There are 2 protein chains.
Amino acid sequence: MLKLTKKIDYALMAINFMSFKGESVANTRNIAEIYNIPLELLAKVLQRLAKKGFIVSQNGPKGGYTLAKDPNVITLGELIRAIEGPIQIVHCTEGDTSCLQTARCTIRSPLRKIEHKIVDFLDNVTIDQICSEEVPEELAV
Amino acid sequence: MLKLTKKIDYALMAINFMSFKGESVANTRNIAEIYNIPLELLAKVLQRLAKKGFIVSQNGPKGGYTLAKDPNVITLGELIRAIEGPIQIVHCTEGDTSCLQTARCTIRSPLRKIEHKIVDFLDNVTIDQICSEEVPEELAV
DNA sequence: TAATCGGCGATCATTAAGGTCGGATATATA
DNA sequence: TATATATCCGACCTTAATGATCGCCGATTA
Ligand code: FES
Ligand code: FES
């Protein structure tokens, strides 16, 4: 119900961590251990972020990820779309036939406007507004 | 993922319908048939709305519901809270111990601010901005 | 060439949402 | 007063989305 997913949380934590690592690579295991995130799940999230061009992967031993973009040019909206797909506050799309209410639905189009405004808002929140927390020195190996 | 529930949809449709009925009562079955909503589910939603004081119930035959408030003083935020409980974009509350990331979570409090802004927005959208659609005359029995 | 990393598809588990059922109480009307 | 029709309410089942796991591959570097 109007909730962000864990994947988004993980992505934000990971980006936060990477932004403190700067040029040096951060590997998945390291991040997973620090934040207590299931390794495989975090791996998937990072793969997705890499695919979408937010981070760059470095394969092989001593490999890992580095940020491809500055956190202040990535928006929360972009990040959500990258991981979860298009943001849809209201489930029924225009051409959708599966919804039984489609025929007499009085609310679809007004809700679209609200959706648009929320998306608009999310597209104006940059990641660095969220990722400004310190990473404890002793953990940022 | 950041989606409104069907219950909210149903509530909006019902309120829309009732606002066109004016003083005369609208019964659950009637609304359910028109909009193709599962009767029992709609009933529950309306009971919830009645309990929260948005609509007034009239028991017995010829009974039903009438609006207790003008749609232009009810906000979407209120409606969502009435039906689904408090709006939480981010799952983990402050005292929550169940989340494994709590210890080193860097994103909880920044996300709270975003949540607050969205809630603020929803609290400034009135229902009549959504419920402005016509109800076909032949159906509004 | 062995150990360490990311890449990827398939799969299972858990939870939340959507929907159903059965029985109760209230009330208008015949 | 009997009956039909309405709201009320809690328990329950089903389905879909999310969260998490597994196994195997290819890349890279020491
Ligand atoms: S079309 Fe599905 S609820 Fe409006
Ligand atoms: S406390 Fe649960 S993700 Fe931050």
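Reminder, nothing fancy here: chain letters follow the sequence lines and each chain counts from 1. Bear in mind that the values here come from a model prediction, so they are computed numbers and not experimental data.
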How long is the line joining [atom1] of [X] and [atom2] of [N], in whole Å?
| X | N | atom1 | atom2 | answer |
| --- | --- | --- | --- | --- |
| B:E33 | D:dT5 | CD | C1' | 14 Å |
| A:Y10 | D:dT18 | OH | C1' | 11 Å |
| A:L41 | D:dA17 | CG | C1' | 14 Å |
| B:Q101 | D:dG19 | CD | C1' | 11 Å |
| A:D9 | D:dG19 | CG | P | 8 Å |
| B:K3 | D:dA16 | NZ | P | 13 Å |
| A:L2 | D:dA17 | CG | C1' | 16 Å |
| B:H91 | C:dT14 | NE2 | C1' | 15 Å |

Using modelled atom types and a 3.5 Å cut-off, is there a donor and acceptor pairing between side-chain atoms of A:E115 and backbone atoms of A:V90? yes

B:N27 side chain to B:N30 main-chain N or O, any donor-acceptor pair under 3.5 Å? yes

B:I107 side, atom CD1; A:D9 side, atom CG - distance, nearest 0.5 Å: 4.0 Å

Under 4.0 Å protein heavy-atom contact, by nucleotide of nucleotides 2-10 of chain C - B base, S sugar-phosphate only: -BBBSBBBB

Looking at B:E78 and B:R81, is there a salt bridge between them, counting it only when a charged N and a carboxylate O are closer than 4.0 Å? no

Please pick, from D:dG19, C:dG18, D:dT21, the nucleotide with the shortest atom-to-atom distance to any side-chain atom of A:K7. D:dG19

Taking all heavy atoms of B:V45 and all of B:A11, pick out the closest pair and write down the distance. CG1-CB, 3.7 Å

A:L111 versus A:I89: any side-chain heavy-atom pair under 4.5 Å? no

